[in-house]
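Working notes, beginning with the structure itself.
Position 1 is the first residue of the sequence, and the numbers go up from there.
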Amino acid sequence: MDPMRFILPVEDAEYQQALSVRSQMLQVSSAGAGAALGLPAFSRLDGLYGSLGLMVAFLMLRFLFNSSIAALTRRHQQSKERQQLIDKIEEEIWVTLGGMTLLVAGWQCLFSVRDYCGLHNTTGCLRNWPLIPVEANVHKYYNIELGWYLQLMLKHVMGLGLQDNGTMGAHHLATVALVVLSYMLNVHLVGLVVFGTLNLSSPLLHMSKLASCLELKTAKTLLFGLFAAVFFVTRVLLFPYFILKCCMYDALTSIRGIMQYFFPYWLAFNVLLVVLCAMQGVWFAAVLRVLKIVVKGSSKELQREVATADPAGLGAKLAAQ
């Protein structure tokens with residue numbers, strides 16, 4: 001079934017015609033002839049079901065990964081503190097590998113649509129809405145992204161990873177909602193730009209935390225400094241300028257009748273984006289505080305910063321380790 005059936009206005013003839021085109025293409029693709037005929041594929045309610053299988057696959061891979069680490073360390077008797085350190089190293093390696101996978105997959109998708117959509121041309125990300133086809137590689141990426149975050153939400157419950165704090169749990173839930181909504185509402189190209197931009201800094205943070213666990217002080221400092229720089233450029237500068245511009249201004253010029261038919265959706269998305277944008281600034285201020293403390297080398301200030309760190313835990317997690 002076409003998810004756009006629940007959002008496009010029934011009183012608008014042009015949008016109903018677009019819905020008819022989508023329905024016809026979905027029927028052809030359901031019959032398995034769409035790809036053979038070179039017809040465009042559109043988002044559908046069951047389009048993200050593959051993420052459930054990927055979630056299970058990620059959990060199985062995590063189990064095998066944990067078992068391999070356990071086999072390597074089993075020959076030595078571990079103290080409680082040593083085992084906690086091993087668990088942290090295990091967690092950071094896993095999350096770093098996943099973050100790098102999402103980053104590479106996301107930018108491969110962005111590269112494939114670079115001629116008409118990207119940070120350099122956000123207007124093109126909404127052109128022809130609601131008849132924006134979902135390319136095969138984008139469809140796969142969305143399922144991978146969703147499957148990964150579902151796995152992150154379940155890993156501790158399944159006994160396969162450390163428990164995330166409440167803020168990170170809320171972050172995972174918000175990411176899942178963003179993936180699903182952007183796919184179902186046919187704004188997946190905007191979603192690609194959002195994920196591609198925000199995912200740039202995350203692997204650097206986890207690599208710096210891994211270096212901290214391994215007591216590689218120079219690598220930890222360099223990686224965290226690089227993370228801070230990338231975080232500032234992508235989340236503090238690029239995200240508000242390009243993403244908010246796309247969703248606030250480009251949407252008004254690219255989606256016909258948006259204020260008449262889709263104002264609640266437009267308003268809700270932009271309010272969330274503005275709040276998220278403000279949070280990036282707050283988190284970056286905490287990152288700067290940690291950098292300042294690291295440069296000064298004050299252990300007391302470092303511990304105090306850990307106790308009052310930002311809600312995202314960007315600085316505290318590194319410092320605490």
Side-chain angles (χ1 to χ4, degrees), residues 3-9 11-12 14-15 18-19 42-43 48 102 106 109-110 113 116-132 134 138 141-142 145-146 149 167-202 231-285 310-312 314:
M4 296 304 295
R5 184 178 298 276
F6 303 103
I7 185 174
L8 294 180
E11 66 273 18
D12 188 288
E14 188 172 340
Y15 276 131
L19 183 61
F42 295 108
S43 57
L48 296 178
L102 294 179
C109 292
L110 281 173
V113 300
Y116 55 90
C117 174
L119 285 174
H120 65 289
N121 181 21
T122 53
T123 304
C125 299
L126 294 170
R127 188 174 295 125
N128 296 326
W129 187 91
L131 295 176
I132 303 176
V134 181
V138 177
Y141 168 73
Y142 258 74
E145 181 94 20
L146 182 56
Y149 275 94
T167 302
M168 288 306 297
H171 168 268
H172 297 337
L173 185 61
T175 302
V176 168
L178 182 59
V179 171
V180 174
L181 288 176
S182 61
Y183 178 84
M184 294 299 174
L185 297 180
N186 203 215
V187 291
H188 49 278
L189 295 182
V190 176
L192 278 182
V193 176
V194 173
F195 299 137
T197 303
L198 298 184
N199 286 343
L200 280 168
S201 60
S202 296
F231 186 97
F232 175 72
V233 173
T234 58
R235 297 189 179 219
V236 179
L237 295 181
L238 297 183
F239 180 76
Y241 180 77
F242 289 102
I243 304 302
L244 290 182
K245 171 182 173 293
C246 176
C247 295
M248 286 186 174
Y249 176 74
D250 294 344
L252 295 177
T253 58
S254 301
I255 299 178
R256 185 180 58 83
I258 188 170
M259 303 304 285
Q260 178 182 359
Y261 299 128
F262 314 114
F263 177 74
Y265 304 100
W266 177 85
L267 181 63
F269 269 94
N270 282 288
V271 167
L272 289 173
L273 286 173
V274 169
V275 172
L276 182 59
C277 183
M279 293 175 68
Q280 306 303 323
V282 173
W283 295 343
F284 183 68
D310 59 288
L314 295 175

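Sulfur-sulfur distance for Cys246 and Cys125: not below 2.5 Å, with no disulfide indicated.
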Legend entry - side chain to side chain contact (heavy atoms under 4.5 Å, CB included) between Leu110 and Tyr141, intermediate numbers included: CA-CA 11 Å; Leu110 281 173; Tyr141 168 73; over 6 Å; no
Legend entry - Derivation of the side chain to side chain contact (heavy atoms under 4.5 Å, CB included) call for His188 and Ser43: CA-CA 9 Å; His188 49 278; Ser43 57; 5.6 Å; no
Inset, instruction - Determine, step by step, whether Phe239 and Thr234 satisfy the side chain to side chain contact (heavy atoms under 4.5 Å, CB included) criterion, reporting the C-alpha distance in whole Å, the side-chain angles of both residues, the deciding distance to 0.1 Å, and the verdict. - result: CA-CA 6 Å; Phe239 180 76; Thr234 58; over 6 Å; no
Inset, instruction - Could you go through the side chain to side chain contact (heavy atoms under 4.5 Å, CB included) check for Asp12 and Gln260 one step at a time? - result: CA-CA 11 Å; Asp12 188 288; Gln260 178 182 359; over 6 Å; no
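Nearest heavy-atom pair across Leu185 and Trp129 is O-NE1, 2.9 Å. Scanning both residues, Leu146 and Val179, for their nearest heavy atoms gives CB-CG1, 4.0 Å. Taking every heavy atom of both residues into account, Leu126 and Ser254 meet most closely at CB-CB, 3.8 Å. Closest non-hydrogen pair, Met184 versus Met4, comes out as O-SD, 3.5 Å. Across every non-hydrogen atom of Gly124 and Cys117, the tightest pair is C-CB, 4.3 Å. The heavy-atom pair separating Arg235 from Pro240 by the smallest distance is O-CD, 3.5 Å.
With rounding to the nearest 0.5 angstrom, the OG1 atom of Thr197 is 10.0 Å from the CG atom of Leu192. With rounding to the nearest 0.5 Å, the separation of CD1 in Ile7 from CG in Leu19 is 11.5 Å. The line from NZ of Lys245 to OG1 of Thr123 is 4.5 Å long, rounded to the nearest 0.5 Å. Here the CD1 atom belonging to Ile243 is positioned 11.5 Å from the CG atom belonging to Asn270, to the nearest 0.5 angstrom. In this structure, Asn186 CG and Asn128 CG are separated by 10.0 Å, a value rounded to the nearest 0.5 Å.
No side-chain heavy atom of Ser201 sits under 4.5 Å from any side-chain heavy atom of Phe232. Under the 4.5 Å side-chain criterion, counting only non-hydrogen atoms from C-beta, Val274 is in contact with Met248. In this structure, Cys247 and Val190 have side chains that are in contact, with non-hydrogen atoms separated by less than 4.5 Å. In this structure, Ile255 and Phe262 have side chains that are in contact, with non-hydrogen atoms separated by less than 4.5 Å. Side-chain contact between Phe195 and Leu102 is absent, with no heavy atoms from C-beta onward closer than 4.5 Å. Residues Phe42 and Leu131 form a side-chain contact, since some pair of their non-hydrogen atoms from C-beta on lies under 4.5 Å apart.
Under 3.5 Å, the side chains of Tyr249 and Thr122 contain no donor-acceptor pair of N or O atoms.
The aromatic rings of Tyr183 and Tyr142 sit tilted, their planes meeting at an angle between 30° and 60°.
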